[in-house]
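Here is the structure we will look at.
First the proteins, then the strands, lettered A, B, ... as listed; each starts at 1. Not measured: the values here are computed from a predicted model.
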Number of protein chains: 2
Amino acid sequence: MGLMATKPRRAPRRTEALSRDVIVKAAIEILDAEGEDALTLRALTVRLTTGYGAIYHHVADRGDLLAAATDDVVARLLADLVADAEPRQAPRALALGLFDAIVAHPWVGAQLNREPWRPALLDIYERVSEQLQALGVPDRALSDSASVLVSYILGVAGQNAANARALAASKMDRSAFLATVAARWSRLDPVKYPSVYKARTHLREHNDRQQFLVGVDVILAGIETVNRAGARPA
Amino acid sequence: MGLMATKPRRAPRRTEALSRDVIVKAAIEILDAEGEDALTLRALTVRLTTGYGAIYHHVADRGDLLAAATDDVVARLLADLVADAEPRQAPRALALGLFDAIVAHPWVGAQLNREPWRPALLDIYERVSEQLQALGVPDRALSDSASVLVSYILGVAGQNAANARALAASKMDRSAFLATVAARWSRLDPVKYPSVYKARTHLREHNDRQQFLVGVDVILAGIETVNRAGARPA
DNA sequence: GCCACGAATGGATCGTCGCTCCAAACCTGT
DNA sequence: ACAGGTTTGGAGCGACGATCCATTCGTGGC
């Protein structure tokens, strides 16, 4: 075996140590920049200039990584959202903070829906419960009330994630995409879909964030009404 | 070229004609029996004893197939749900019908969340709008009100789909799975999660269906309250 | 009666994915 | 110096969705 001068030595080791945290941060950057489908283990190895083994040494699997990224974003958000002094505004502020975070990171919305038992959603549920309790919701109605609000937030989060995915897949910019959607709605049969058809004119002035807030207000009003009226009939 | 007596003839053609509808029905059967991950094109070719080409001739791609299956289930459901004469009960009946359908076909919940612009959800939105209108919700508040309810339903649907996926992945039966979940909740830190911890005792007597209905009532009460109180301040 | 042509079909094949596995490289204590 | 454990890099596996093309069927024109 003579000239093995240039035998394919394996690549040198990374200088900075790898860690679960470094990997999660890199994952978040990929997710935010290119969407959830872009987070592949191969893309991660390229970005971190490492191999699969190194990553799987710190992370169980892709699901674990997505969950860790979601927990990270949600935990940071909840930490930043200091409790509003005004109890009546507190749930709104919390909900709006979640909404904004999910708009900024649509993949978080998808993940919360995919695995609702992970810490991220538990934290959210806990915070919502506390604020509803501070608002005067009786203990016996707390878990039901919190569930309604959390389910609503999850629903909106999921739709937001779906829209972001569709936008990314269409490879158009935001305004062109919205125009396409509006055009498709206008082509709907007004006989089969009278309500949807009527709503299409509002599409231009439509504001997702404001509509979300209206929904929160409706639910808060409903919680109040139900607990005031139905004060334990039994 | 002597003895080609047993040259590998391709398999004979199917006798009954293939069609988009036959394929969709087969997909629904697989989805109901084995969950959404089990719907692979290979499984479909086996079940239909055919090849990929035949399927892709009738169906654009896997997403198209899932959407078609969802549209089929939802359309059948909405057709069966004849309008309740009593307007106050109509939205509840609709919501409950959707809930039951999604419990029976958890993959429908996931798909509604994944692609909320497809006909299935449009139909749902339309029906909800009609019934809210019949209930006396003013036109200007219709789209917002319908959105809240639909988003809530979507949120619950998504959680249900997630639970079904987790149950299937765990390969346990339903009661063993619930016991595992309850055990995990009991191990939560009561200091960090006081509200969740308090709610754990209700887990035994917990009824998803009833909780869903409570949520619907809360939202309906909220819609009514908001529209009574805020009668156009401007 | 036959043939030509489009529609329908079966299956080999491709590229990509998540993940496993193992040897190489590194670290640490003795 | 060296042994044992930890961390790293990357070849390779099986499964997936999707494409592609040769084959086969059905059918309308002559």
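Mapped onto DNA chain C by nearest heavy atom, Tyr52(A) and Gly53(B) fall at different nucleotides, with Gly53(B) at the one closer to the 5' end.
Candidate nucleotides dC19(C), dT9(C), dC16(D) were compared by shortest atom distance to the side chain of Leu41(A), and dC19(C) ranks first. For His58(B), the side-chain atoms get nearest to dA8(C) when compared with the rest of dC19(C), dA8(C), dT19(D). When each of dG18(C), dT8(D), dC16(D) is scored by its nearest atom to the side-chain atoms of Arg62(A), the top-ranked nucleotide is dG18(C).
The side chain of Arg42(A) places no N or O atom within less than 4.0 Å of a non-bridging phosphate oxygen (OP1 or OP2) of dG18(C). Close to dT7(D), at under 4.0 Å from its OP1 or OP2, lies a side-chain N or O of His57(A).
Atom C1' of nucleotide dC20(D) and atom CD1 of Ile55(B) are separated by 16 Å, given to the nearest angstrom. Here dC19(C) presents its P atom at 14 Å from CD1 of Ile23(A), a figure rounded to the nearest Å. Between the CZ atom of Arg20(A) and the C1' atom of dT8(D) there is a distance of 18 Å, rounded to whole Å. Taking atom CG on Leu44(B) and atom C1' on dC16(D), their separation rounds to 13 Å, with Å as the unit. Spacing between atom CD of Glu36(B) and atom C1' of dC16(D) amounts to 16 Å, rounded to whole angstrom units. Rounded to whole Å, atom P of dG17(D) lies 14 Å from atom CG of Asp37(A). Per the geometry, CG belonging to Leu18(B) stands 18 Å off P belonging to dT24(D), to the nearest Å. Following rounding to the nearest Å, Tyr56(B) (OH) and dC16(D) (P) show an atom-to-atom distance of 12 Å.
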How far apart are the C-alpha atoms of Asp100(B) and Arg209(B), what are their side-chain angles, what is the distance that settles it, and do they pass the salt bridge (Lys or Arg N to Asp or Glu O under 4.0 Å) test?
CA-CA 8 Å; Asp100(B) 290 339; Arg209(B) 193 167 186 267; 2.8 Å; yes
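With hydrogens and angles ignored, the 3.5 Å screen pairs no side-chain donor or acceptor of Asn113(B) with any backbone N or O of Ala157(B).
Looking at heavy-atom distances under 4.0 Å, Leu39(B) makes contact with sugar-phosphate atoms alone, never a base.
If you run side-chain contact (heavy atoms from CB on, under 4.5 Å) between Gln111(B) and each of Thr70(B), Val74(B), Leu31(B), only Thr70(B) comes through. Each of Ser147(A), Ser143(A), Ser151(A) was evaluated against Gln211(B); a single residue qualifies, Ser147(A), per the side chain to side chain donor-acceptor pair (under 3.5 Å) test.
For Tyr152(A) and Phe212(A), the gap between ring centers is short of 6.0 Å.
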